[in-house]
Amino acid sequence: MADYKPTTEIPVATAAPVVAVAPVAGRPAPPGAPPGGHYAMKPYCGVVTILITAFICVCAGFCPCDSKEVYIAPNGQAYTPEGTMTKFGPCTC
């Protein structure tokens, strides 16, 4: 026990640096549209709806069979993915 030397070192835990990463917000708004909205598929009266109405069932005109992607801005205005304003609804023939 003559060689015993007390140590004064205290172990200290170290941590790796944390790098903050901004979350990916999805697709950006179309050109000219305000940011903060979302994309959605909306029904409309298109070629398929017109053909079904003409040849199969007249009541198909009240239930659109076509759909298109639109960007809905925070104020409710709809834009095409290319950036032009558009309307959507049950039937915009």
Side-chain angles (χ1 to χ4, degrees):
M1 274 243 312
D3 293 334
Y4 176 73
K5 295 180 184 176
T7 59
T8 57
E9 295 178 14
I10 299 173
V12 177
T14 59
V18 177
V19 178
V21 177
V24 177
R27 291 173 55 188
H38 65 280
Y39 285 89
M41 296 300 289
K42 295 295 181 180
Y44 76 103
C45 292
V47 175
V48 174
T49 305
I50 293 170
L51 290 174
I52 291 173
T53 302
F55 295 107
I56 298 174
C57 179
V58 176
C59 61
F62 298 109
C63 181
C65 300
D66 300 285
S67 63
K68 62 181 173 182
E69 183 181 42
V70 294
Y71 174 81
I72 310 297
N75 64 2
Q77 177 62 49
Y79 293 84
T80 64
E82 293 77 30
T84 57
M85 280 193 206
T86 185
K87 294 182 180 182
F88 65 88
C91 192
T92 57
C93 304

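For clarity, every value in this text was computed on a predicted model and none was experimentally measured.
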Self-check item: Distance (rounded to the nearest 0.5 Å) between Lys42 NZ and Ile72 CD1
Solution: 5.0 Å
Quiz item: Do side-chain atoms of Tyr71 reach the backbone of Gln77 as a donor and acceptor pair under 3.5 angstrom?
Solution: no
Quiz item: Nearest heavy-atom pair of Ser67 and Met41: which atoms, and what distance?
Solution: OG-CE, 3.7 Å
Exercise. Mind listing the closest non-hydrogen atom pair of Pro74 and Gly37 along with its distance?
Key: CD-N, 3.8 Å
Quiz prompt | Single hit among Val47, Leu51, Thr53 for side-chain contact (heavy atoms from CB on, under 4.5 Å) with Thr49 | solution = Thr53
Self-check item: Nearest non-hydrogen partners of Pro81 and Glu69, listed with the distance
Solution: CD-O, 3.4 Å
Exercise. Please report the shortest heavy-atom distance between Asp66 and Gly46, naming the atom on each side.
Key: OD2-N, 2.7 Å
Quiz prompt | Gap separating the OH atom of Tyr79 from the OG1 atom of Thr86, nearest 0.5 angstrom | solution = 11.0 Å
Quiz item: Going hydrophobic residue to hydrophobic residue with side-chain gaps under 4.5 angstrom, can you get from Met85 over to Tyr39?
Solution: yes
Quiz prompt | Minimum heavy-atom distance Glu82-Pro30, with the two atoms named | solution = C-CB, 4.5 Å
